[in-house]
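Everything on this sheet refers to the single structure shown next.
Computation of the quantities below employed the complete heavy-atom set of this structure, encompassing side-chain atoms and omitting hydrogens, waters and symmetry-equivalent molecules. We count ligands from 1, going down the list as the structure has it; atoms in each ligand are counted the same way.
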Amino acid sequence: MNYYVLTLFPEMIDAGMNTSITGRAIASGTISLESVNIRDFAEEKRKGRVDDYPYGGGAGMVMQAEPVMRSYEYVCGRIGKPARTVYLTPQGSVFDQKMAEEFAQEENLIFLCGHYEGIDERVIEEIVTDQVSIGDYVLTGGELPAMVMMDTISRLVPGVLSNSDSAVSESFSDGLLEYPQYTRPEVWRGKSVPDILLSGHHGNVDRWRREQSISRTLEKRPDLLDSAPLDKNDRKFLRKLLEMQEQT
Ligand code: 6GU
């Protein structure tokens, strides 16, 4: 997986991505990242400026089409074949795990990060294949959303997570929230670890964890239960929980 990020703040992208698991994956060559400063493609006469006043008036500044186009053409030259180009915008489709799984199939991804009041619509029409938002709130720019997408996609790329990390990755993709975790000490400030986890009975532990996942999901994100794949035992347990809810 090769990421290319068109941005006015490449140091922000590099600082975030060269840390922790994505940093290790970049260092080992499992993924690659090239942050491209759109300002380096400013027109000669504009001395490094890449924004201007909006036609029709109004508050704020708009990123000009030409520097964005030139930075895009530079990246296309580096890749040598067409690549999906994601524009990060609150107007986009809302990012989720399913979308991440789809993007993880690509060999190259270009991210375009806007700032100010946005980017000249004409260059968006020309180069963007996907418009993506990360949720219903407004950020100052597309850099954090691009990093959210790259982080989520990277952990789906083979070789990025260790085997023990990968096991954990199964859990959201099975559509339920995580069960609670405990580590030493066995009693912490008077609070004990649930007995079943100390029993050594793996079958009972698995069943308990599964039920914890189901009851947490019912409590915190009941919307997820509509599409979570539940087996016969799961559905029986869920019915029991719902009956108990009705009684209170
Ligand atoms: Cl992709 N960009 C900005 N500026 N704000 C956002 C967003 C994107 N997604 C949610 N809020």
With heavy atoms of Val132 as the reference, note each atom of ligand 1 found under 4.0 Å away.
1 (Cl)

Is it the case that over 12 heavy atoms from other parts of the model lie below 6.0 angstrom from the CG atom of Asp223?
yes

Scan Asp151, Leu33, Val160, Thr30 and name whichever one has a side-chain contact (heavy atoms from CB on, under 4.5 Å) with Thr22.
Asp151

Decide, yes or no, whether a salt bridge links Arg70 with Glu66 under the criterion of side-chain N to carboxylate O below 4.0 Å.
yes

Residue, atom name and distance, where the atom is the protein heavy atom closest to atom 1 (Cl) of ligand 1:
Thr89 N, 3.0 Å

Quick check on side-chain contact (heavy atoms from CB on, under 4.5 Å): which of Asn233, Asp231, Leu230 does Arg210 satisfy it with?
Leu230

Identify the residue among Leu88, Val94, Leu139 that makes a side-chain contact (heavy atoms from CB on, under 4.5 Å) with Ile134.
Leu139

Atom 5 (N) of ligand 1 - nearest protein heavy atom and its distance:
Leu139 N, 3.1 Å

For ligand 1, find out whether one of its N or O atoms is nearer than 3.5 Å to an N or O atom of Tyr137.
yes

Out of Gly135, Cys113, Gly118, Pro90, whose heavy atom sits nearest atom 10 (C) of ligand 1?
Gly135

If the threshold is 4.0 Å, N to carboxylate O, is there a salt bridge linking Asp234 and Lys232?
no

With only distance considered, is Pro145 within less than 3.5 Å of ligand 1 through an N or O on each side?
no

Under 3.5 Å: N/O of Val138 near N/O of ligand 1
no

So does Arg207 pair up with Glu211, basic N to acidic O under 4.0 Å?
yes

Would you mind telling me if ligand 1 is within reach of the side chain of Asp136, the backbone, both or neither, using heavy atoms under 4.0 Å?
neither

Ranked by distance from atom 9 (N) of ligand 1, the top protein heavy atom is Ile134 N, 3.0 Å

